[in-house]
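Computed from a predicted structure; not experimentally measured. Here is how names work: the chains are called A, B, and so on, in the same order as the sequence lines, proteins then strands, and each is numbered from 1.
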There are 2 protein chains.
Amino acid sequence: MAKVTVGVPQGTRDFGPDVVRKRNYIFNTIRSVFELYGFEPLETPAMENLDTLMGKYGEEGDKLIFRVLDSGNPFQIDFIKGLLNYLISFRNDIVHANPNIEGFKGFEFLQTLIDHPTVIVSLANQLSTDVNLAKKYLSPLKNQTSGKALKYDLTIPFARYVAMNHKNLTFPFKRYQIQPVWRADRPQKGRYREFYQCDADVVGSNSLLNEVELANIYATVFDKLKVNAEIRINSRKILTALAELCGSANRMMDITIAIDKIDKIGLDKVKQELIEKQLNEEQVGIIEKYLLIARYSGDNDTIIAELKKLFTDNVTGIEGVNDIQFIFDNTSHLAFTSKIYVDPTLARGLNYYTGCIFEVKALNVQMGSIGGGGRYDDLTGLFGVPNIPGVGISFGVDRIYDVMEELKLFPSEVHVSTQVLFFNLGEAEGKAAFTLMQQLRDKNIRCELYHEPVKFDKQFKYAEKKNIPYVIIIGSKELQEKTCVIKDIRKGEQQAIPVNKITEFSFM
Amino acid sequence: MAKVTVGVPQGTRDFGPDVVRKRNYIFNTIRSVFELYGFEPLETPAMENLDTLMGKYGEEGDKLIFRVLDSGNPFQIDFIKGLLNYLISFRNDIVHANPNIEGFKGFEFLQTLIDHPTVIVSLANQLSTDVNLAKKYLSPLKNQTSGKALKYDLTIPFARYVAMNHKNLTFPFKRYQIQPVWRADRPQKGRYREFYQCDADVVGSNSLLNEVELANIYATVFDKLKVNAEIRINSRKILTALAELCGSANRMMDITIAIDKIDKIGLDKVKQELIEKQLNEEQVGIIEKYLLIARYSGDNDTIIAELKKLFTDNVTGIEGVNDIQFIFDNTSHLAFTSKIYVDPTLARGLNYYTGCIFEVKALNVQMGSIGGGGRYDDLTGLFGVPNIPGVGISFGVDRIYDVMEELKLFPSEVHVSTQVLFFNLGEAEGKAAFTLMQQLRDKNIRCELYHEPVKFDKQFKYAEKKNIPYVIIIGSKELQEKTCVIKDIRKGEQQAIPVNKITEFSFM
């Protein structure tokens with residue numbers, strides 16, 4: 001058999017045992033906290049119908065959706081039809097202009113292709129080297145290639161699920177979802193084509209109590225993971241009010257997008273961007289005044305007071321400030337390490353939030369946000385079911401993993417798989433080991449028997465490589481005396497005990 | 001917004017909260033048992049490179065692989081090149097026959113397409129209605145459509161992983177893997193296009209101790225799930241010996257495939273199939289004699305004795321019998337409910353096993369096998385790394401789910417998400433509830449506060465619909481007296497307790 005070069009597709013990853021255990025430590029922690037707060041699990045398929053996804057993520061997002069070919073249709077007729085139809089579509093008018101054009105028919109056309117292969121090669125080469133040419137002729141094809149695609153996020157499939165099942169769901173419906181998503185993004189450090197999202201949403205309720213609970217979920221998770229984090233909150237209502245204060249409510253998204261960059265580019269460049277977007281000096285002045293309230297960062301009461309002063313006469317603004325005050329008032333008495341900070345500079349960029357917004361940053365480490373979310377007005381309107389508002393948060397698991405690696409926060413137990421290795425000293429000894437192993441397994445001790453009776457050296461090496469802390473030796477002497485020798489590899493200590501005491505031994 | 005018809009792709013499923021909890025009960029049980037036996041988790045990407053998968057599952061399997069378009073390459077150049085190149089390839093000889101053929105070049109060809117759209121329509125229609133035509137011209141295209149595909153099983157990605165990492169792995173490498181796979185099969189009852197596989201394999205060891213452990217894993221899992229199951233074992237060595245006994249060792253697969261059907265079609269039809277496959281009367285007689293040993297089913301000692309008699313002079317046969325005797329001897333002293341049965345009629349059809357084979361059936365229910373596996377000679381040879389033998393088993397999770405549903409084996413706790421609902425009686429009361437909820441959550445009690453202060457009726461209905469067993473009521477009186485009322489909805493009983501005793505209450 002010829003040697004095959006093997007690898008995984010660009011931007012995807014294998015997760016070996018140690019990494020899976022560490023990732024599961026994060027996933028299980030988040031999952032258990034979601035459940036402590038009454039959230040219920042949902043799983044949707046990896047594939048969605050293409051029309052469920054298309055048009056939901058903007059033009060750029062649409063381009064990043066992985067399409068799946070319907071191989072169940074063995075000859076890809078739909079695709080071929082799509083290809084050929086496209087070639088027609090962009091010059092359909094030609095037919096109208098030349099009604100007598102029906103020259104050769106059916107296979108005569110295919111014959112033309114067959115008879116002029118160099119032409120085809122030449123065309124293919126031209127298209128493959130000239131991107132603009134290819135773009136012009138081929139890009140509309142993409143929407144015709146398949147009826148299915150890999151899911152791009154968890155929110156749209158959730159919306160689709162709620163729209164399909166809204167008559168049978170109990171509202172408010174609190175769901176969490178931890179599943180992989182796929183994006184045909186250019187892979188780079190920290191950005192993958194397959195990655196997990198980890199979301200919790202409450203839909204069917206306008207109550208701010210949901211925001212309070214979601215903030216508490218963040219605090220509980222990061223306390224459990226021992227990640228020191230700050231939960232920053234703001235409200236889109238405040239940003240709307242800011243636009244109103246500037247006298248141009250319709251510039252709210254422009255202002256939001258500019259403010260969103262302040263962490264990366266600083267205040268001066270934000271002001272510059274606003275000027276480039278045709279805001280006048282007075283307007284930029286108002287925005288600057290607003291952003292400077294962030295200098296009281298850490299003192300939520302003062303920030304809230306300053307915001308109230310700024311928005312005295314603006315109903316939307318006061319509503320937004322009251323919202324965040326409510327969240328702060330209902331959380332500040334709880335004993336979490338991770339605290340909530342009101343942050344006027346928080347904007348959450350392009351996302352279509354309408355109320356409170358969240359973002360979480362890890363302290364003591366250079367890393368982008370490790371969580372974010374907010375309130376939205378209408379989850380399922382896109383799918384024909386209007387008036388279901390909601391609020392949700394998500395955890396950035398890959399970044400949380402990196403933070404925990406960097407700060408060495410994974411507990412050492414995570415690295416232990418097998419706790420006890422039984423040495424193999426022969427057939428009768430092995431049979432005795434099986435009996436003892438079942439007793440230990442009944443006590444939830446993870447153990448295994450070395451697979452062949454070879455030199456101790458080799459068996460020890462296996463235990464070391466697998467990071468197994470205990471070894472149990474049963475030789476013919478022990479078999480006769482009904483004892484076993486337990487060796488603690490980390491301490492280098494060993495002791496003999498009667499086999500009927502084995503389940504009382506503490507393998508910690 | 002226009003109403004959109006929503007659904008999931010054919011053969012895929014949403015799993016709502018109750019189903020996820022039941023599925024996770026199965027997955028978590030299997031996972032914990034795998035770990036008790038020293039197996040380590042592995043996760044591979046949903047997508048593999050197409051050439052990793054193609055040719056590994058036979059011609060039929062190849063057709064069922066879902067291909068993914070490389071949308072990251074925004075213009076699908078590779079696909080178009082593939083399409084055009086294909087059209088050349090099957091008539092490449094034409095060029096040689098007509099060296100002067102370079103008539104029109106490059107875009108003149110595209111122009112031809114554009115100028116004759118009706119021709120294209122006609123061709124597309126012809127291809128889409130005449131399957132044979134389409135097959136002839138288009139089927140080789142499939143291998144050129146994309147560089148990526150969704151994984152079809154867990155074994156080939158595991159083999160690819162071992163081949164890539166074999167220098168860094170500790171052998172024997174015991175891995176388990178619980179992930180979805182995708183097949184473009186025609187969906188039907190119990191057959192899905194996206195479903196989970198749940199595998200454990202040991203590679204890099206020829207020891208039969210691995211088979212013993214895998215049999216024990218089956219027994220442990222089904223005991224924990226309270227599924228009464230029988231673990232049937234046989235050996236491909238025995239089936240090889242049977243073919244040798246018939247004087248035609250090269251007919252081993254024919255014989256295996258026929259025997260594999262005995263459960264479904266019965267002994268007479270198996271004999272008939274063997275005759276149709278040109279086995280003579282004497283050969284069929286030998287096979288019948290072998291199959292009739294199964295009449296001692298349940299009495300492993302007698303079956304083993306009969307097999308030894310039949311294969312007295314056949315080295316391979318005796319080796320196979322000794323193998324299953326070894327497994328039986330090393331497991332029969334263990335106190336499992338699920339027992340091992342030696343089953344001469346077990347064949348495991350088309351799978352390329354070479355040694356012991358396993359199959360698990362649930363008792364007291366009509367259902368196909370709920371687990372299967374066996375030993376294979378060479379896992380990674382296909383990927384250029386020879387001589388890594390292994391043995392593995394898998395669990396059929398969808399069927400196990402159906403068995404447990406039918407026999408009502410899911411424990412009632414599985415259906416409880418939130419354990420305690422705090423009624424909402426207003427803002428101050430809500431704030432007190434948040435404090436108490438954090439105390440309960442610290443004790444791993446799952447609780448939530450109703451999202452708005454509405455009539456008790458509505459709050460009760462929510463608790464009932466969500467199957468929440470306890471309700472806690474804190475009104476202004478309780479707030480003042482520092483008490484709360486705990487109501488057990490199932491029993492219809494309630495009691496008032498001081499709030500500082502709440503964490504001592506048993507919410508069972």
Side-chain angles (χ1 to χ4, degrees), chain A residues 1 3-4 6 8-9 12 14-15 17 20 35-36 38 40-41 43-45 47 66-69 71-72 75 77 81 84 87-88 91 95 102 106 109 113-114 117-120 122-124 128 134 138 148 160 163-164 170 172 184 194 205 207 209 383-384 417-418 441 446 448 451-452 465, chain B residues 3-4 6 8-9 12 14-15 17 20 35-36 38 40-41 43-45 47 66-69 71-72 75 77 81 84 87-88 91 95 102 106 109 113-114 117-120 122-124 128 134 138 148 160 163-164 170 172 184 194 205 207 209 381 383-384 417-418 441 446 448 451-452 465:
Chain A
M1 180 75 45
K3 175 137 185 154
V4 180
V6 283
V8 293
T12 70
D14 284 325
F15 297 116
V20 173
E35 296 192 345
L36 282 178
E40 301 193 278
E43 288 177 17
T44 63
M47 292 187 273
F66 275 116
R67 286 157 190 74
V68 178
L69 287 179
S71 311
F75 309 119
I77 297 302
K81 270 183 93 168
L84 299 178
L87 290 171
I88 303 162
R91 288 284 175 96
V95 197
E102 302 223 18
F109 162 74
L113 287 175
I114 292 162
T118 51
V119 170
I120 299 175
S122 154
L123 172 69
S128 67
L138 303 176
K148 287 190 287 297
R160 195 260 314 140
M164 278 172 73
T170 304
E194 171 178 82
S205 166
S207 168
L209 294 175
F383 298 110
S417 53
T418 300
R441 286 165 180 160
R446 302 182 296 275
E448 55 182 302
H451 67 123
E452 44 186 21
K465 277 193 182 166
Chain B
K3 175 136 186 155
V4 180
V6 284
V8 295
T12 69
D14 284 325
F15 297 116
V20 173
E35 296 192 345
L36 281 177
E40 300 193 280
E43 289 177 16
T44 64
M47 292 185 273
F66 275 114
R67 286 157 190 76
V68 178
L69 287 179
S71 312
F75 310 117
I77 297 301
K81 271 183 94 165
L84 299 178
L87 289 171
I88 304 162
R91 289 284 175 94
V95 198
E102 302 221 19
F109 162 72
L113 286 176
I114 292 163
T118 52
V119 169
I120 299 175
S122 154
L123 172 69
S128 66
L138 304 177
K148 288 189 287 296
R160 193 261 312 141
M164 277 172 73
T170 304
E194 170 176 84
S205 165
S207 168
L209 294 175
F383 298 110
S417 53
T418 300
R441 286 164 179 159
R446 301 183 295 276
E448 55 182 303
H451 67 124
E452 44 188 19
K465 277 192 181 165

For chain B, the option from A:Met164, A:Arg160, A:His451, A:Glu194 that forms the most heavy-atom pairs under 4.5 Å: A:His451
Non-hydrogen atoms of chain A under 4.5 Å away: do they reach the side chain of B:Glu35, the backbone, both or neither? both
Name the member of A:Leu209, A:Val20, A:Asp14 that forms the most heavy-atom pairs with chain B at distances under 4.5 Å. A:Asp14
Specify which of B:Ser205, B:Ala163, B:Pro172 makes the most heavy-atom pairs with chain A at under 4.5 Å. B:Pro172
Side chains of A:Thr418 and B:Glu40: closer than 4.5 Å at any heavy-atom pair? no
